[in-house]
Amino acid sequence: MAAMSCFSLARLPISSTSSSTRNFSCLTKPHSMRRSCKIVNTTEKLEEPPRRSANYHPTIWDHSTIQSIENFSSLKGNTLERRRESLKNEVKLLLDASDDPVAQLQLIDTIQRLGIAYHFDNEIKSILDRIRDCHFDLEALDCVHKTALAFRLLRQHGYDVSSDVFQKYRDSQGFKDSLTDDVKGLLSLYEASFLSFPGEQLMEEANKFSVRHLESLTQKVGLDIEEQVRHSLQVPLHRRMRRLEAREYIDVYQREEGKSSVLLEFAKVDFNFVQIIHQMELKELSKWWISLNLGSVLSFTRDRLVENYLWAIGFVYEPHMSKCRIGITKAVCILSVIDDVYDIYGSFEEVEILTKTIKSWDPHEMRNLPENIKLCYKILYNFIEEITTCTLLDHGCNVMPFLKEEWENLCGAFLVEAKWFHEGYTPSLKEYLKNAWISIGGPMTFVFAYCLLGHTLGDNSLNCLKQGFDPIYWSSLILRLNDDLGTSKVEMERGDTPKPIQCHMRETDESDEVSREYIKNLVDHFWKELNQESIRTHLPKNFMNLVTNMALASHCIFQFGDGIGDSTGITKNRILSLFFNNVPLE
Ligand SMILES: CC(C)=CCC/C(C)=C/CC/C(C)=C/COP(=O)(O)OP(=O)(O)O
């Protein structure tokens with residue numbers, strides 16, 4: 001066990017708002033305004049600089065309502081749980097029942113979409129291993145739907161399948177015209193094309209071909225298929241947030257003619273069971289959020305506990321992952337608060353001091369800072385202490401140096417952006433991305449998640465994580481660009497560091513629209529890199545799933561703009577359907 005003396009486990013007291021803090025006014029300034037303030041001397045408080053505000057709307061969730069959610073602590077052994085166990089056994093029998101590989105793949109696909117695959121990890125792995133070991137001949141399959149389904153599922157689970165399996169559906173002109181009447185096949189081909197690797201021309205062609213024909217469907221295919229096509233063209237399966245997909249697919253599957261009533265009932269019961277666990281976690285998180293005494297900070301920052309919990313659900317929703325989910329929600333909450341200090345509230349001098357404090361981890365460094373910025377630091381410090389203690393107790397290893405290092409890197413990257421803004425500097429896109437994949441918080445989030453995942457950790461575990469960093473890099477870039485595509489319009493109006501669209505416009509003289517398209521294409525490219533790394537990586541499979549999940553959660557959160565900054569629209573509806581409204585059982 002690491003020696004306790006090598007780090008301090010003392011928490012910093014979080015005192016209530018001082019009177020000087022209450023005097024801060026949050027003025028909205030024109031976006032051309034540059035933050036400035038002078039340090040009077042090293043021992044006196046800084047002069048009060050002009051403050052900016054992002055005018056974030058207050059939280060739309062009421063903590064007393066969250067606290068009043070019925071207490072389900074007696075969940076174990078109740079009717080819902082007993083029904084869930086018995087249905088689970090029935091679904092296991094379904095998975096064992098067939099010898100037909102295509103039928104098994106179809107079943108796995110349905111189980112995944114219904115959000116219940118986590119119960120059958122071992123069964124799914126042995127079916128897929130068997131399919132691979134028997135040299136299941138993908139090239140002998142007789143329709144593009146089956147080939148594409150097998151290709152997609154095998155690649156998704158880390159099996160290296162060649163895209164040449166699609167060659168048989170091509171002639172000298174490209175994909176055969178005869179495929180255009182087969183809507184199910186086109187849709188499967190389209191979904192499979194999102195599992196491609198960099199440089200796979202054939203998959204690029206598959207994507208263009210299927211998109212072209214799905215967009216211009218002329219034949220009558222029925223409302224449900226039309227709706228599925230529309231939804232897939234908006235967000236392909238491989239990029240959908242799993243829990244949200246489960247909730248939506250339960251409704252779609254319910255209408256399917258050949259559905260299995262056992263599968264359907266299990267999906268519904270399991271959804272409701274897991275939702276109760278999520279509600280209990282939200283209650284715990286809400287208590288934590290209130291205990292932080294954030295009154296003096298909420299005037300400038302995002303008050304988004306429940307929305308940040310949605311991030312965490314996108315990351316990992318399985319019921320046995322509570323610790324990880326709760327830790328990640330806290331990390332994202334603290335990240336947003338500190339990001340808002342750097343981006344909105346703090347003067348450049350203040351954020352320089354904050355960065356120094358976070359590098360030295362010496363609270364005395366920040367004696368000149370206003371109380372509300374000090375509070376943000378204390379909350380971070382205490383959080384790191386909390387996770388360190390938890391990991392020390394669970395695994396006997398000291399992760400504090402790793403956690404601190406991630407925050408030093410993160411705040412270092414925030415400072416680079418603040419400096420660019422302060423100096424009115426527009427970086428090249430390359431320079432921007434070199435910093436921005438860190439400043440989005442992906443690497444920090446993963447290191448925290450790794451500590452909380454529940455697998456065995458040793459002193460060397462986090463070094464291994466550093467060696468296998470490629471997937472984290474690509475996933476963080478996807479998160480970063482999706483965030484910028486969703487938020488940059490408002491951020492630029494408010495005044496912020498130039499975002500990739502502006503960097504590209506400046507470099508190329510292209511329009512906003514063309515630059516936006518360019519950034520979207522970059523996202524597609526980064527996905528191909530991530531797909532390839534998921535197959536090459538030596539990271540544990542459950543961790544690799546989280547890495548992919550972060551990228552796809554970002555598509556959901558920023559699908560219609562800044563789903564967190566303004567959470568009153570689609571984000572609110574998603575939160576209601578995932579956390580507060582259960583699935584009606586017949
Ligand atoms: C699935 C999962 C757990 C994901 C967590 C991912 C994560 C680290 C999200 C960051 C969210 C966040 C507060 C970004 C800053 O927003 P911003 O738009 O203000 O960023 P900017 O200031 O850098 O532009």
Side-chain angles (χ1 to χ4, degrees), residues 52 54 56 239-244 285 300-305 307-317 321 324-346 351 376 406-407 409-418 420-421 432-433 435-450 452-453 472 475-503 543 545-558 561-567 571:
R52 299 188 307 140
Y56 289 123
R239 297 188 187 173
R240 288 188 204 159
M241 194 194 264
R242 311 276 182 240
R243 181 73 175 160
L244 200 59
L285 281 162
F300 64 85
T301 190
R302 286 163 277 194
D303 182 359
R304 297 289 182 274
L305 175 76
E307 293 79 354
N308 290 336
Y309 185 66
L310 178 66
W311 267 122
I313 291 287
F315 205 51
V316 56
Y317 71 86
M321 296 290 198
C324 185
R325 208 160 28 246
I326 289 177
I328 291 307
T329 310
K330 291 182 180 177
V332 177
C333 284
I334 295 171
L335 165 76
S336 337
V337 169
I338 294 190
D339 180 56
D340 288 336
V341 172
Y342 279 82
D343 283 356
I344 300 163
Y345 187 78
V351 296
C376 299
E406 284 313 315
W407 274 94
N409 293 342
L410 177 60
C411 293
F414 284 165
L415 186 68
V416 169
E417 288 173 359
W420 288 341
F421 176 70
Y432 173 83
L433 291 178
N435 188 64
W437 77 278
I438 301 171
S439 72
I440 193 60
M444 178 281 288
T445 307
F446 285 120
V447 169
F448 278 73
Y450 197 78
L452 296 169
L453 205 53
I472 293 178
S475 177
S476 299
L477 278 173
I478 295 168
L479 167 64
R480 161 49 75 192
L481 291 188
N482 277 331
D483 176 305
D484 290 335
L485 284 165
T487 63
S488 66
K489 195 167 172 290
V490 173
E491 284 176 339
M492 293 319 293
E493 280 163 15
R494 175 181 84 210
D496 204 331
T497 320
K499 301 292 166 178
I501 298 161
Q502 289 75 38
C503 299
F543 182 72
N545 287 341
L546 299 200
V547 177
T548 309
N549 287 349
M550 186 174 85
L552 50 87
S554 68
H555 283 277
C556 166
I557 299 278
F558 300 111
D562 183 358
I564 302 290
D566 177 1
S567 60
T571 305

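For clarity, every value in this text was computed on a predicted model and none was experimentally measured. Order of listing sets the numbers, starting from 1, for every ligand and every atom in it.
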Closest protein heavy atom (residue, atom, distance) for atom 3 (C) of ligand 1: Ile328 CG2, 3.3 Å
Spatial distance of atom CG (Leu310) from atom CD1 (Ile557) [nearest 0.5 Å]: 4.0 Å
Min N/O separation Ser439 to ligand 1 under 3.5 Å: no
Distance filter under 4.0 Å to Asp343 heavy atoms, resulting ligand 1 atoms: 21 (P), 22 (O)
Donor on one side chain, acceptor on other, Arg480 and Ser554, under 3.5 Å: no
Atom 16 (O) of ligand 1 - nearest protein heavy atom and its distance: Arg302 NH1, 3.2 Å
Straight-line distance of Trp407 CH2 to Phe448 CZ, nearest 0.5 Å: 7.0 Å
Closest protein heavy atom (residue, atom, distance) for atom 24 (O) of ligand 1: Lys499 NZ, 2.9 Å
Ligand 1 atoms in contact with Val332 (distance to a heavy atom under 4.0 Å): 5 (C)
Within-cut-off N or O pair, Asp484 and ligand 1, under 3.5 Å: no
Side chain, backbone, both or neither: Arg480 near ligand 1, heavy atoms under 4.0 Å: side chain
Asn549 N/O under 3.5 Å from ligand 1 N/O: no
Among Asp343, Asp340, Asp562, salt bridge (charged side-chain N to carboxylate O under 4.0 Å, His left out) partner for Arg302: Asp340
Positive for side chain to side chain contact (heavy atoms under 4.5 Å, CB included) with Ser488, one of Leu481, Ile501, Asp483: Ile501
Proximal ligand 1 atoms for Asp339, defined as those under 4.0 Å from one of its heavy atoms: 15 (C), 16 (O), 17 (P), 19 (O), 20 (O), 21 (P), 22 (O)
Mode of Leu479 contact toward ligand 1 - side chain, backbone, both, neither (heavy atoms, under 4.0 Å): side chain
Test item: Phe414 and Leu335 side chains (from C-beta on) under 4.5 Å apart, heavy atoms: yes
Closest protein heavy atom to atom 1 (C) of ligand 1, given as residue, atom name and distance to 0.1 Å: Trp311 O, 3.2 Å
Heavy-atom side-chain proximity of Trp311 to Thr329 below 4.5 angstrom: no
Close approach, Met444 and ligand 1, non-hydrogen under 4.0 angstrom: no
Where ligand 1 meets Thr445 - atom numbers and elements under 4.0 angstrom, heavy-atom basis: 8 (C)
Per-atom contacts of ligand 1 with Ser336, taking only distances under 4.0 Å to non-hydrogen atoms: 13 (C)
Approximate separation, where rounding is to 0.5 Å, of Ser336 OG and Asn308 CG: 4.5 Å
Euclidean distance, Ser476 OG relative to Ile440 CD1, rounded to 0.5 Å: 8.5 Å
Value rounded to 0.5 Å, distance of CZ in Phe446 from CG in Leu546: 7.0 Å
Heavy-atom nearest neighbour in the protein, as seen from atom 14 (C) of ligand 1, with distance rounded to 0.1 Å: Asp483 OD2, 3.8 Å
Contacting atoms of ligand 1, where contact means under 4.0 angstrom from a heavy atom of Thr487: 18 (O)
Atoms in ligand 1 flagged as close to Leu335, the criterion being non-hydrogen separation under 4.0 Å: 8 (C), 10 (C)
Donor-acceptor under 3.5 Å (Arg304 side chain, Cys333 main chain): no
